[in-house]
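Here the structure comes first, spelled out in structure tokens, and everything after it is commentary.
This structure is a prediction, so every number in the text was calculated from the model and none was measured. The chains referred to below are lettered A, B, ... by the order of the sequence lines, with proteins before strands, and numbering in each begins at 1.
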Amino acid sequence: MENETHPTNFIRAIIDKDIESGKYEKTVHTRFPPEPNGYLHIGHAKAICLSYGIAEDYNGLYNLRFDDTNPVKEETKYVESIKADIKWLGFDWENRLYFASDYFDTLYDYAVKLIKDGKAYVCDLNAEEIREYRGTLTEAGKNSPYRNRTIEENLELFEKMRNGQFENGKCTLRAKIDMASPNINLRDPIMYRILHTNHHRTGDKWCIYPSYDFTHGQCDSLENITHSLCDISFENHRPLYNWFIENLDIFPTTQIEFARLNITYTIMSKRKLRELVEGNFVNSWDDPRLPTLSGLRRRGYSPTAIRNFCDKIGLAKRISTVDLALLEYTLREDLNKIVPRVMAVLDPLKVIIDNFPEEQTDEMTAINNPEDESAGTRIVPFSKILYIEKNDFMEEPPKKFFRLSPGREIRLRYAYFVKCESVDKDETGNITAIHCTYDPETKGGSAPDGRKVKATMHWVSAKHAIDAEIRLYDNLFTVQDPAAEDDFKDFVNPNSLKILKNCKLEPSLKNAKPEEKFQFERLGYFCADRYDFSSENPVFNRTVTLRDTWAKIQKQQNKKKKM
RNA sequence: UGGGAUGUCGUCUAAUGGUAGGACAGCGGAUUCUGGUUCCGUAUGUGAGGGUUCAACUCCUUCCAUCCCAGCCA
């Protein structure tokens, strides 16, 4: 069942076999089960694209189900952000939105059934005692002294737990499995705990809540999920989920585990992301430096790029770390095709065209997207005083520097060939402006005499320019694997955000809208900030730079200098 | 040290007994009104040892390394 867009993988191979063997009567049915206690990140996107992509490809169905079994940590605002992020990614769960809390009554009945079957008991051990009785990795645990309570007693006590007759922590409901199991998850795991806490959906209806382990598998089962795809950390739990399925005699979901996504120079743990947000290392959950979906969205990533990336990284069980460069490649690959080009100067240097008439404005025709002819053209005004990028001029150019320098002629894109004649400096020797002459014969950017020029540079007409704030983002961390450090927060990149205030944009950008994406030619891809952009106060985020071979050459040259 | 899992170019992933392939990154070149894009070329890998076989990434075996599990978190 392979198709062109999604490469096959070991999970698809298992599903193919299950289909062939007729394991399930119905079609493939998957789910994505987030806990509403934080924002989704690109690692979740991998899981979503996998589960939902498979359902789509096999003409199956997929559910969205919130695993909301811990009211202490969960909030409705996270439910909303998660739904919005998944929709933005481009998936639609239609009417199949569920909550684990929808099943609290059923789960309670399941628990009662296990008690009645003598397979669960109320245990009065406190947290510390439970830990002691559990044993260690190498030693078996020992049975709780409450393990052999009668069914009637257990039923009565569980009822009392539910009725709020015990305070938090007084007792738990446990599955009676095997305290000597080498798999610690099978050593009489906790099914219910007492939490006198209001739940974001069920309010004060319950004061006991099922544990994740007593919830997840049964929810899958209740929703007739055929293939439940999850993180390898749940591999050790699978025998427990199967125990519940067998002893409850419910629909047998197949759980398959895969390795979660890691990317260099970032972190992918909700807990750590929360630390960054709450510790003000970043501004919010949707800070463009974060790998959260809302952060990437604000940064200017397209859903297509993220989905393509999820296809490209493949799928396996081994723990791995994908090179950030692959994400950026996938991003550029998409934006290159769809995004209009525009000229903007981030670090302006004034250029005076000495032989250009004072009051004259020429209208230059510029191509909007060389990759997409249907994007058409636009007019860009040219006049006597321009801005170019400061680093496009060097008074003493090193080898391989093709851009402007004294005496050298270059092309101003879509405009004229200009030649640098002189340089203005202030008392301290800083360059304040440069003087050029232009060749009127080269209007549009080509010379009738066929002479060539080594560089084409972007520019903006001073009197037509729009002022803008531009936010330059770089990796959030200075090390490839911040999670491996003692404290990842020590490695937050102090230069992960640089705010430029005095940027000059070509006037067509007047009409930009929040979230609109552009390529600033020769610089990178930029996105009008989703929240802070307005036409009075334009703010753009740099999504990613263009590949920059000149920067690479410079690096090599600097290295040589040092050696 | 019990149990579970995983080891293939620098990175991510294919090859399920029959030529170790792809992508990214790297390097070299061509084209280009973006040092962008595109195109072409190129180096690098099966954790280690032993065994079975005409043939082993694949099967057997002994090691080694890494990750997960001792929450009333998910």
Looking only at side-chain N and O atoms, does [Y] offer a donor or acceptor that is under 3.5 Å from a partner on [X]?
X	Y	result
A:D188	A:Y133	no
A:D68	A:S101	yes
A:R193	A:S211	no
A:Y416	A:D439	no

For a quick check of understanding: with a heavy-atom distance under 4.0 Å over all strands, which category does [X] fall into, base, sugar-phosphate or nothing?
X	result
A:T69	sugar-phosphate
A:I190	base
A:R413	base
A:H458	nothing
A:R238	nothing
A:Q556	sugar-phosphate
A:Y133	nothing
A:D67	sugar-phosphate
A:T172	base
A:F234	base
A:L173	nothing
A:K454	nothing
A:F402	base
A:Q519	base

Under a 3.5 Å cut-off for both distances, is [N] Watson-Crick or wobble paired, and to whom?
N	result
B:G2	B:C69
B:G28	B:C40
B:C63	B:G47

Gap in Å between the two [atom1] atoms, one belonging to [N] and one to [M], rounded:
N	M	atom1	answer
B:A55	B:U19	C1'	12 Å
B:U61	B:A23	C1'	36 Å
B:A48	B:U13	C1'	23 Å

Kindly point out which of B:C72, B:U1, B:G36 is positioned nearest to the side chain of A:P370?
B:G36
Nearest-neighbour nucleotide for the A:I553 side chain, B:A70, B:A25, B:G35 considered:
B:G35
5′-ward residue of the pair A:G135/A:K73 relative to RNA chain B:
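Checking each residue's closest nucleotide, the 5'-ward one belongs to A:G135.
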Go nucleotide by nucleotide along RNA chain B from the 5' end; which of A:T442 and A:D124 gets its closest nucleotide reached first?
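The residue closer to the strand's 5' end, by nearest nucleotide, is A:T442.
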Do the side-chain N or O atoms of A:R547 get closer than 4.0 angstrom to the phosphate oxygens (OP1, OP2) of B:G35?
no
Side-chain donor/acceptor of A:R260 to backbone N/O of A:D231, under 3.5 Å
no
I'd like to know if the side chain of A:H458 and the backbone of A:R413 have a donor-acceptor N/O pair within less than 3.5 Å.
no
Is the glycosidic angle of B:G71 within 90° of 0, making it syn, or outside that range, making it anti?
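This nucleotide is in syn.
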